[in-house]
**Student:** 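First the structure, which I've put down as structure tokens, then a few questions once you've had a look.
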Amino acid sequence: MSAPKIQSVRGMNDILPDEAEFWDMFEETVRSWLASYGYRPIRLPVVEPTPLFRRAIGEVTDIVEKEMYSFVDSLNGESLTLRPEGTAGCVRAVIQHSLAAHQAQRLYYIGQMFRHERPQKGRYRQFHQVGVEAFGFPGPDVDGEQILMGARLWGDLGLAGITLEINTLGEPGERARHRAELVSYLEEHAELLDEDARRRLYTNPLRVLDSKNPALQDLIAGAPRLIDHLGEQSMAHFEGVQQVLRDAGQPFSVNPRLVRGLDYYNLTVYEWQTDRLGAQGTVCAGGRYDGLVEQLGGRPTPACGFAMGVERLIALIREAGGETRAEAVDVYLVHQGALASRLAVGVAETLRDRGIDVLYNCGGGSFKSQMKRADVSGAAFAVIIGDDEAAAGEVTLKPLRAADDRVGQQRITADDVADRIISLTADWEDA
Ligand code: ATP
Ligand code: MG
């Protein structure tokens, strides 16, 4: 009887090598895109104190109400949570290390997030975000730049058809006036509300507008609009963002019902959406959160940012026909015999010193079976060392790819093999 198998946790996926190579490519593109806008990496813990998220995200949100993986640290009784998003931890770190005290900061991170949701296509319990945050810029210019960053990345990734919706949430005072009106409107139609909406009516009525329940959509469409309660400054900020987008020729639509699922936003909010992923169509979402740094105990600091869902973007790239470019090694090192194998270790290291990638045959095997493995590996060359070669301090160099057949197998000294591989490769690249 074999031992029972242990499976991965539901909604938390392994990313196998073919897929992981694709992720690496994606991350490379993302990192150079971020560098081109002057954003710098920050690496943050996956676990944070639970109160951080309760305070940052808001008590009456899907995340805090039902999606957090929280547990008690048995050593000291502290409540900890696997991060459900990255902004709260980033703000905590910015405050803790006074990063934004004397200068503005443009920061980004890439990593796992955890939410206890019902797993489905594009929605997982462990998923990944690229998070981008800017601290210390009050004006609409940076909101506009961050939105345009998204557009450039879609281009860099070869993605078309991702559309932009923007909105403004105004400032807290304006929201309070709108909220009062919204609550009376919803009270008038209380019989139409679902359970979630009824609960949120007094705790977080704006979130009722964010409901995905089809039965509520007519009610939502007729609700008082926040935008009608905004003052001059808020409107000017919103207009400023739109100006940046228009100047750049970036199409967008204003969606007055776009409110976002987290409490910390003010003024600008936006989402990038695709219709090619079914129900999980939002690939990127963000906005301004000027109050959050102060709310978490820092000095008032304007801030804005966005987060992208990596799984959804990768699914979209796949859907658009994106291929994995599997990176084969340069050399497969075939060796047989005690002396040959010892020499081969040194040859492999020498090749790597010169920037040549080497797969060293492990596990023995006949020349024939090792040569088969060399073919399967996709390597451009086999370097072959038998007792004969070893005794002479030589190796046999054999090009493996069909197109390389014009150069036959050759025996050269072990000292020369790196130079020969480099010059042959350069010749082929020139040809
Ligand atoms: P949704 O409305 O789809 O639940 P959200 O508003 O909760 O999204 P955000 O907190 O804004 O999402 O996160 C930013 C992005 O992260 C989303 O636009 C999405 O691409 C991705 N994302 C969020 N939750 C998940 C999840 N459970 N699985 C995969 N990707 C996710
Ligand atoms: Mg969600």
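First listed ligand is number 1; within each ligand, the first listed atom is number 1.
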**Student:** For the residue pair His128 and Trp23, categorise the inter-ring angle as parallel (less than 30°), tilted (30 to 60°) or perpendicular (more than 60°).
**Tutor:**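 Plane angle over 60°, so perpendicular.
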
**Student:** Which of the numbered atoms in ligand 1 are under 4.0 angstrom from any heavy atom belonging to Val283?
**Tutor:**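 The list of qualifying atoms is 20 (O).
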
**Student:** With atom 15 (C) of ligand 1 as the reference point, say which of Glu67, Glu271, Gln129 has the nearest heavy atom.
**Tutor:** Gln129

**Student:** Which one of Arg115, Met113, Glu85 has a non-hydrogen atom at the shortest distance from atom 10 (O) of ligand 1?
**Tutor:** Arg115

**Student:** Where on Lys212 is there a heavy atom closer than 4.0 Å to ligand 1, on the side chain, on the backbone, on both, or on neither?
**Tutor:** side chain

**Student:** Going by the closest heavy atom to atom 1 (P) of ligand 1, which one wins out of Gln280, Arg123, Gln273?
**Tutor:** Arg123

**Student:** Under 3.5 Å between some N or O of ligand 1 and some N or O of Glu311?
**Tutor:** no

**Student:** Suppose I only count heavy atoms of Thr282 and a 4.0 Å limit; which atoms of ligand 1 are within that range?
**Tutor:**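 Atoms satisfying the 4.0 Å criterion: 17 (C), 18 (O), 19 (C), 20 (O).
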
**Student:** Going by the atom numbers of ligand 1, which of them fall below 4.0 Å from some non-hydrogen atom of Ala285?
**Tutor:** 11 (O)

**Student:** When you check the side-chain N and O atoms of Tyr39 and Gln146, is any donor under 3.5 Å from an acceptor?
**Tutor:**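 Yes - a donor-acceptor pair under 3.5 Å links their side chains.
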
**Student:** Taking atom types as modelled and ignoring hydrogens, do the side chains of Gln295 and Tyr289 form a donor-acceptor contact shorter than 3.5 angstrom?
**Tutor:**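 Judged by distance alone, the side chains do not pair up.
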
**Student:** Does any part of the side chain of Val244, heavy atoms only, come nearer than 4.5 Å to the side chain of Gln250, both counted from C-beta?
**Tutor:** no

**Student:** Are Tyr360 and Glu349 linked by a side-chain donor-acceptor pair shorter than 3.5 Å?
**Tutor:** no

**Student:** Take the angle between the ring planes of Tyr37 and Trp33 and call it parallel below 30°, perpendicular above 60°, tilted in between.
**Tutor:**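 Tyr37 and Trp33: perpendicular rings.
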
